Amino acid sequence: MSEELMSSALPMFIPCPNGRSQAGINREKFVLNPAATSAHHLEMFRSCGLLFALAFHLKEILNINVADTVWKQLTSEEVTIDDLADIDVYFGQFISMIRDILKTGPQSANQPLSDLVGELYFDCLLSDSTTRVELKPNGATTLVTWENAEEFVELYVNARLEESRAQLDALRRGMCEILPESVFLVVSSSDLARRICGEPDVDVDQLERLANYDGMSRNSPAVEFLWIALREFTPA
């Protein structure tokens, strides 16, 4: 069931932008699908919340790899631009570029902002790279200029931060059918993730100390190679 949650068979979770573009860190992480907005989809998120809560309560680990931003929003911790950039490096670079240009200003008198960044309008693509939303009324036809660029950045970032609010609310609603809401006030996002998904990394030294060898010696070449290989693995 855990693998199905992270697969294309269900519409709830999608690979994060870094995973789809194969750029930056956290390419293995999944995020909530902002396009899954129908009543049926939200009911699926509520059911997923029930599953998360059961895993938490029964101490049963789910084999899922959800981005830190999801756990932070479930526990009402602040999600920053840096958090989003950790799963969408191009988003982070875009926002940094706009802010740097605004600090520097035009390179010549009356130079339009579009000369430096291209024509931008008050709309943006969400993390599924398909859903485009207007950042304000008539945003798709409102050109970003020097005068309104700060507003554009603020609305753009907020749209990305809040893109999966309905899905998050449904997920948390399902969790709260089993867990008291107070859990989300006393448990940190990292603790919540650990209780549901387990430890993100394996202590190879501890694993080696506890290992039993059946018909093999600790010093055999195959065993030595195993421990070397395990230590070279990148954490999930």
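These numbers were taken from a predicted model, which means no experiment stands behind them.
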Task: Worked verdict on Thr131 versus Leu125 for side chain to side chain contact (heavy atoms under 4.5 Å, CB included) - done: CA-CA 6 Å; Thr131 305; Leu125 279 175; over 6 Å; no
TODO: Decide yes or no on side chain to side chain contact (heavy atoms under 4.5 Å, CB included) for Met12 and His41, but give the supporting numbers first.
DONE: CA-CA 7 Å; Met12 295 181 292; His41 289 151; over 6 Å; no
- [ ] Check step by step if side chain to side chain contact (heavy atoms under 4.5 Å, CB included) holds for Tyr121 and Leu143.
- [x] CA-CA 5 Å; Tyr121 295 88; Leu143 187 67; 3.9 Å; yes
- [ ] Could you check Ile196 against Phe52 for side chain to side chain contact (heavy atoms under 4.5 Å, CB included), going step by step and ending with a plain yes or no?
- [x] CA-CA 6 Å; Ile196 295 174; Phe52 280 17; 4.0 Å; yes
Would you mind writing out the side-chain donor-acceptor pairs for residues 167-177 within the sub-3.5 Å range, not counting sequence neighbours?
| residue | atom | partner | partner atom | Å |
| --- | --- | --- | --- | --- |
| Gln167 | NE2 | Asn33 | O | 3.2 |
| Gln167 | NE2 | Pro34 | O | 3.3 |
| Gln167 | NE2 | Ala36 | O | 3.1 |
| Arg172 | NH1 | Leu74 | O | 2.8 |
| Arg172 | NH1 | Ser76 | OG | 3.4 |
| Glu177 | OE1 | Arg46 | NH1 | 3.0 |
| Glu177 | OE2 | Arg46 | NH1 | 2.7 |

Show me the donor-acceptor pairs, under 3.5 Å and distance only, between side chains in residues 94-113 and residues at least two apart or in other chains.
| residue | atom | partner | partner atom | Å |
| --- | --- | --- | --- | --- |
| Ser96 | OG | Gly92 | O | 3.0 |
| Thr104 | OG1 | Asp100 | O | 3.0 |
| Gln111 | OE1 | Gln107 | N | 2.7 |

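Note: Tyr156 OH to Leu135 CG = 8.5 Å, rounded to the nearest 0.5 Å. From Phe184, atom CZ reaches atom CH2 of Trp71 across 9.5 Å, with rounding to the nearest 0.5 Å. Atom CG in Leu62 sits 8.0 Å away from atom SG in Cys48 (nearest 0.5 Å). Interatomic distance, CG of Leu126 versus CD of Glu162, reported as 12.0 Å (0.5 Å rounding). Atom CG in Asp128 sits 7.5 Å away from atom CD in Glu163 (nearest 0.5 Å). Between Asp88 atom CG and Ile81 atom CD1 the span is 12.0 Å, to the nearest 0.5 Å.
Remark: Glu154 CD is loosely packed, at most 12 non-hydrogen atoms of other residues, nucleotides or ligands lying under 6.0 Å away. Around atom CD of Glu78, no more than 12 heavy atoms belonging to other residues, nucleotides or ligands sit under 6.0 Å away.
Across all non-hydrogen atoms, the minimal contact from Arg160 to Pro17 is NH2-CG, 4.3 Å. Contact detail for Phe56 and Arg195: the closest heavy-atom pair is O-NH2, 2.8 Å. Nearest heavy-atom pair, Leu84 versus Leu161, reported as atom, atom and distance to 0.1 Å: CD1-CD2, 3.6 Å. In terms of heavy atoms, Asn26 sits closest to Cys16 at O-SG, 3.2 Å. Contact detail for Val89 and Ala23: the closest heavy-atom pair is CG1-CB, 3.9 Å. Nearest heavy atoms, Phe152 versus Leu120: CE2-CD1, 4.2 Å.
Residue Phe91 is not grouped with residue Leu32 when hydrophobic side chains (ILVMFWY) are merged at heavy-atom distances under 4.5 angstrom, including chains of intermediate members. Residues Val186 and Leu179 fall within the same hydrophobic cluster, defined by Ile, Leu, Val, Met, Phe, Trp and Tyr side chains chained together at heavy-atom separations under 4.5 Å. There is no path of hydrophobic side-chain contacts, each under 4.5 Å, that joins Ile87 to Leu5. Put simply, Phe122 and Leu116 are part of the same group of oily side chains (I, L, V, M, F, W, Y) that touch within less than 4.5 Å, one to the next. Residues Leu51 and Val31 do not share a hydrophobic cluster, defined by chaining ILVMFWY side chains whose heavy atoms lie under 4.5 Å apart.
Inter-residue side-chain proximity for Ser21 and Tyr90 is flagged as met; some heavy-atom pair is nearer than 4.5 Å. When side chains are defined from C-beta on, Cys197 does not count as touching Asn65, because their heavy atoms never get closer than 4.5 Å. Between Asp68 and Asp83, every side-chain heavy-atom pair lies at or beyond the 4.5 Å cut-off.
A donor-acceptor contact under 3.5 angstrom links the side chains of Arg20 and Ser129, judged on distance only. Ser189 and Glu77 share a side-chain donor-acceptor pair at under 3.5 Å. Checking Asn138 against Thr141 by side-chain atom types alone, no donor-acceptor pair falls below 3.5 Å.
Salt-bridge annotation for Lys29 and Asp86: absent, with no side-chain N of the basic residue lying under 4.0 Å from a carboxylate O of the acidic one.
For residues 136-150, every residue pair satisfying the salt bridge (charged side-chain N to carboxylate O under 4.0 Å, His left out) rule, not counting sequence neighbours, is listed here: Lys136-Glu151.
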